[in-house]
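Just so it is clear, the model here is predicted, and its values are computed rather than measured.
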Amino acid sequence: MEKLRRVLSGQDDEEQGLTAQVLDASTLSFNTRLKWFVICFVSGIFFSFLGTGLLWLPGGIKLFAVFYTFGNIAALASTCFLMGPMKQLKKMFETTRLLATIVMILCLVLTLCAALWWRKKGLALLFCILQFLSLTWYSLSYIPYA
């Protein structure tokens with residue numbers, strides 16, 4: 001019905017733009033968004049704890065870095081289900097949290113580089129700690145006056 005109203009009023013789908021078309025096609029109910037938020041968030045926590053447990057195995061620093069980083073990415077992606085991916089990206093790169101976002105993404109990438117390519121255990125562990133702190137800083141940036 002909405003498409004018919006747009007066509008009749010002269011607003012064709014080509015004028016709407018690709019982003020708006022994708023958002024119209026991928027609307028989820030609130031219950032579905034909430035379920036997938038919980039699934040992503042819990043799996044993110046699970047992978048982070050799993051990575052921490054694998055740290056104590058011989059040569060487990062690689063597994064730790066990968067699982068811990070994947071867990072943080074899954075927990076971060078879980079909020080996309082609540083507010084939508086485009087709104088999430090817009091909020092991530094607002095001026096109030098731009099620096100926190102850049103530091104967080106940089107720490108995620110550097111953790112994987114240190115563990116997988118550079119093979120520096122101490123550096124990977126340091127970047128994991130910085131990853132935790134930057135994700136905390138990013139999360140606190142959503143609290144007004146924090």
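- We find the CG-CD1 distance between N72 and I45 to be 10.0 Å, quoted to the nearest 0.5 Å.
- Hydrophobic clustering (side-chain heavy atoms under 4.5 Å, transitive across Ile, Leu, Val, Met, Phe, Trp, Tyr) keeps L50 apart from I39.
- A continuous path of hydrophobic side-chain contacts links F46 to L63 [ILVMFWY only; heavy atoms under 4.5 Å].
- In the hydrophobic cluster analysis, where Ile, Leu, Val, Met, Phe, Trp and Tyr join through side-chain heavy atoms closer than 4.5 angstrom, W36 is grouped together with V38.
- Of the inter-residue distances, the one linking Y138 atom OH with Q131 atom CD reads 14.0 Å to the nearest 0.5 angstrom.
- How far CG of L110 is from CD1 of I105: 12.0 Å, rounded to the nearest 0.5 Å.
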> What's the verdict on side-chain contact (heavy atoms from CB on, under 4.5 Å) for S141 and T96, showing C-alpha distance, side-chain angles and the deciding distance?
Replying inline: CA-CA 7 Å; S141 72; T96 56; 6.0 Å; no
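- You'll find the side chain of W137 stays beyond 4.5 Å of the side chain of M104, heavy atoms only.
- Here the side chains of L123 and L126 are in contact, with some heavy-atom distance below 4.5 Å.
- The two atoms that bring L112 and W117 nearest to each other are O-CE3, 3.7 Å, heavy atoms only.
- To the nearest 0.5 Å, the span separating OG on S134 from CG on L99 amounts to 10.5 Å.
- Proximity of a side-chain donor or acceptor of T101 to a complementary backbone N or O of M92 within less than 3.5 Å is detected.
- The minimum heavy-atom distance between R119 and K62, with the atom names listed, is NE-NZ, 3.7 Å.
- Annotation: side chain of Y68 is not in contact with side chain of L125 (no heavy-atom distance under 4.5 Å).
- Checking side-chain atoms of R33 against main-chain N and O of F81 turns up a donor-acceptor pair under 3.5 Å.
- Rounding to the nearest 0.5 Å places CD1 of I102 at 12.0 Å from SG of C107.
- Remark: side-chain polar atoms of T69 are not paired, donor with acceptor, to backbone N or O of V66 under 3.5 angstrom.
- Taking the six-membered ring where the residue is Trp, F37 and F41 present parallel rings, their angle staying beneath 30° rather than reaching 60°.
- Under the 4.5 Å side-chain heavy-atom criterion for Ile, Leu, Val, Met, Phe, Trp and Tyr, I73 and F132 are members of distinct hydrophobic clusters.
- Between Q88 and C80, the shortest heavy-atom contact is CG-SG, 3.6 Å.
- Among all heavy-atom pairs drawn from I61 and A115, the shortest one is O-CB, 4.3 Å.
- Here the shortest heavy-atom pairing between S78 and C40 reads CB-CB, 3.4 Å.
- The environment of OH in Y142 is crowded: more than 12 heavy-atom neighbours from other residues, nucleotides or ligands sit within 6.0 Å.
- Between F67 and F47, the ring planes are parallel. Angles under 30° get that label, and only those over 60° would be called perpendicular.
- A single hydrophobic cluster is seen to contain both F70 and L57, as judged by linkage of ILVMFWY side chains at heavy-atom distances under 4.5 Å, directly or through other members.
- Rounding to the nearest 0.5 Å places CG of L89 at 6.5 Å from CZ of F93.
- Closest heavy-atom contact between A114 and F127: CB-CD1, 3.9 Å.
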